[in-house]
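Input: a single structure, listed below in structure tokens.
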Amino acid sequence: MKEYCGKPSVDLPPVVQEALDALRPVPDIDSEAWEAGREAYLSEARRLAASREERRLTGWLAPILSFLKLDLDQVRPLAVAWRTALIIALALGGSVGTVGAARSSLPGSPFYSLKVRLETWEMERLQEPDEVTEKALSQAQQRVEEAERLASRGRDVPIDVAALYQARLDTALQASDSLSEPQRLQTQVHISETLRQQLETMVSVAGQVQDREGEVDQVDDEDGVRALIRAMQETQARLSDPEHEGRHDDEDKPGIGAGVGDGPQGPRDAPGGPERDGGDGACKPRGPSDDERTEDKGARPDLDDRPGPPGGDDEEKPGNRSEHAERGDDDSDSDDGDDETGPNPGERDDDEDEDDARGPRDGRDGSEDDDDHHGGEDCSDDDEADENRSDREPGDNED
Amino acid sequence: MKQGEHLLQRAHRLEEAALTEIYDTYAAAIYRYVYRKTGDVDTAQDLTAETFHRLLEALHRDAGPREHLSGWLYRVAHNLIVDFYRSKPEDPPASLESVNPSVPPSQGEILARENRAARARAALEKLTPLQQQVVILRFLEEMSLREVAQVLNRTVGSIKALQHRAVSSLQRVLEEEAE
């Protein structure tokens with residue numbers, strides 16, 4: 001047997017060498033695409049690191065809360081005691097873990113309502129308008145980050161998030177009205193800039209949601225992401241309105257419904273402009289009028305402008321790869337427990353070998369699944385197994 | 001502790017610097033590997049991205065490689081390539097017959113080069129997946145026998161045997177095609 005040991009030698013049959021030389025060149029990737037792929041990978045890494053941190057914070061508390069809930073439901077006197085203890089703990093800031101868990105919770109989590117209550121409580125304690133503005137803006141930013149995190153996990157963003165966002169933004173604007181004129185102007189510039197950044201974030205999130213859910217028509221127009229975008233756009237329009245003199249009560253919001261397209265000179269009193277939301281208006285996102293909804297649905301400028309994902313649209317990726325990727329995950333999952341001897345991502349190589357022993361790959365049909373191969377012999381890492389297997393490999397009959 | 005293992009430990013903690021280093025070290029090699037198997041830049045980019053996505057997911061579950069990171073990455077990439085072809089039964093890898101051998105060089109050096117590469121790829125496709133991997137890793141990625149053995153979870157002796165059979169098979173396929 002002629003051996004090709006160490007680093008590859010040039011001692012190959014000329015015809016093989018020629019074929020390999022033909023395969024050697026690999027086209028460079030466009031540097032922009034490469035950078036985009038790298039950035040996508042790193043941002044996912046950051047997201048997963050943050051997610052792990054959150055899990056670390058909340059993981060230990062879940063069973064305890066679950067236990068508490070059980071008691072609260074079943075034993076009323078105890079419920080009162082537990083609740084009182086919990087409130088005292090929160091009020092004194094003694095339960096750092098609980099508060100921490102609540103603060104990092106997301107909509108849908110059992111801690112989330114506690115988080116919102118804590119925020120409200122914090123807000124109520126503040127007296128100075130500049131502090132209130134700052135706190136309310138910070139809490140509005142929280143909503144944006146929650147939406148971002150939910151979307152990145154493939155979860156729907158509840159419309160309540162947009163409602164809470166709008167409420168905090170209104171609070172910030174109202175509080176800013178109490179500031180001195182220079183301060184108010186400065187604060188509103190700050191709010192406007194914050195809104196711009198938040199809008200960029202949410203447009204990007206909307207893009208992720210759209211990519212995930214496929215065609216544009218399948219995206220729920222009334223989901224929290226779009227409601228957030230609308231709330232931001234409308235508030236931006238309000239801030240851009242030169243007639244806006246800091247009136248933020250419901251009666252003074254005729255310009256809200258005018259929409260972005262109307263710009264600063266938008267018809268504040270145009271019919272159908274404002275969408276009033278009754279008594280609890282502060283807690284509902286103010287959606288555009290029906291006309292605006294129609295226009296918005298047609299044009300979708302926010303979604304069209306979003307940056308495209310690296311590597312093209314899902315439709316352009318290998319067909320049904322998500323399904324196959326999922327299957328690959330399962331393989332990897334089962335592999336990871338034992339890197340040395342257990343199954344690993346490479347184990348299917350052996351299966352492939354089995355598979356290939358029955359015929360060339362292009363002879364396979366897509367209906368085969370992995371189970372077909374697992375019943376075969378165990379292809380362990382020894383030469384004998386390779387040799388035996390090779391007997392059935394096409395083109396190796398002379399062996 | 002080996003430097004690679006230390007890097008992996010940091011990666012398991014999802015340290016950004018470690019994950020960046022891993023990407024910058026291995027992404028180009030994985031891309032080349034996938035391209036040589038598929039012959040398509042977009043597919044190679046997609047599957048490379050998916051390979052690293054799998055790595056992150058595995059690390060996030062506190063699973064994934066504890067050693068021989070490059071081997072793990074190549075194996076995942078290989079499995080993704082297999083999945084890719086399985087998901088497209090209507091569009092199998094190019095066969096020798098599907099490549100037009102009559103395209104004269106006069107049509108341009110680029111076309112001729114692409115044609116040679118497609119024919120070589122089609123010949124390679126006639127080998128078993130394991131043989132293909134050995135050929136690519138050994139002669140195109142220029143790995144040592146030991147490195148190939150790590151990637152494929154085999155012994156060095158096994159790789160030697162595979163390599164011998166792969167070269168013989170490839171030679172025969174190419175010669176038959178030339179006749």
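Quantities reported herein were computed from a predicted structural model and do not represent experimental measurements. Chain A is the first sequence line, chain B the second, and so forth, proteins listed ahead of strands; every chain is numbered from 1. The basis for the numbers below is simple: all heavy atoms, side chains too, and nothing from hydrogens, waters or symmetry mates.
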Just jot down the ring-ring contact (aromatic ring centres under 6.0 Å, His included) partners of B/Y35, sequence neighbours excluded, or say none.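 ring-ring contact (aromatic ring centres under 6.0 Å, His included) check on B/Y35 returns nothing, list empty.
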
Checking heavy atoms, do the side chain of [X], its backbone, both or neither come under 4.5 Å from chain A?
{"X": "B/Y31", "value": "side chain"}
{"X": "B/I136", "value": "neither"}
{"X": "B/D24", "value": "side chain"}
{"X": "B/A27", "value": "both"}

Check each atom of A/R46 against the heavy atoms of chain B and say whether the ones under 4.5 Å are side chain, backbone, both or neither.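 Only the side chain of A/R46 comes within 4.5 Å of chain B.
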
Which region of A/L42, side chain (C-beta onward) or backbone (N, CA, C, O), has a non-hydrogen atom less than 4.5 Å from a non-hydrogen atom of chain B, or is it both or neither?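 Contact with chain B: side chain only.
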
Please check this pair: side chain of A/Y41 against backbone of B/L56, looking for a donor-acceptor N/O pair closer than 3.5 Å.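 No.
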
Could you measure the distance from the [atom1] atom of [X] to the [atom2] atom of [Y]? Nearest 0.5 Å is fine.
{"X": "B/H60", "Y": "A/R47", "atom1": "NE2", "atom2": "CZ", "answer": "7.5 Å"}
{"X": "A/L12", "Y": "B/Q163", "atom1": "CG", "atom2": "CD", "answer": "8.0 Å"}
{"X": "B/L55", "Y": "A/E44", "atom1": "CG", "atom2": "CD", "answer": "10.0 Å"}
{"X": "A/E39", "Y": "B/Y23", "atom1": "CD", "atom2": "OH", "answer": "10.5 Å"}

Is there any side chain to side chain donor-acceptor pair (under 3.5 Å) pair reaching into residues 24-36 of chain A, and which pairs are they, with sequence neighbours excluded?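 Every side chain to side chain donor-acceptor pair (under 3.5 Å) pair that includes a residue of residues 24-36 of chain A, provided the two are not neighbours, is A/D21-A/R24.
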
Using a 4.5 angstrom heavy-atom cutoff, name the option from A/L20, A/V15, A/V16, A/L48 with the most pairs to chain B.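 The answer is A/L48.
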
Just wondering, are more than 12 heavy atoms of other shown residues or ligands nearer than 6.0 Å to CD in A/E18?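 Not buried by this count: 12 neighbours or fewer within 6.0 Å.
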
Nearest non-hydrogen partners of [X] and [Y], listed with the distance:
{"X": "B/A120", "Y": "A/A19", "value": "CB-O, 3.4 Å"}
{"X": "B/Q45", "Y": "A/A33", "value": "NE2-CB, 3.4 Å"}
{"X": "A/P27", "Y": "B/V41", "value": "CG-CG2, 3.4 Å"}

Check: B/F139 and A/L23 side chains under 4.5 Å, non-hydrogen atoms: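 No, every pair of side-chain atoms sits at 4.5 Å or beyond.
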
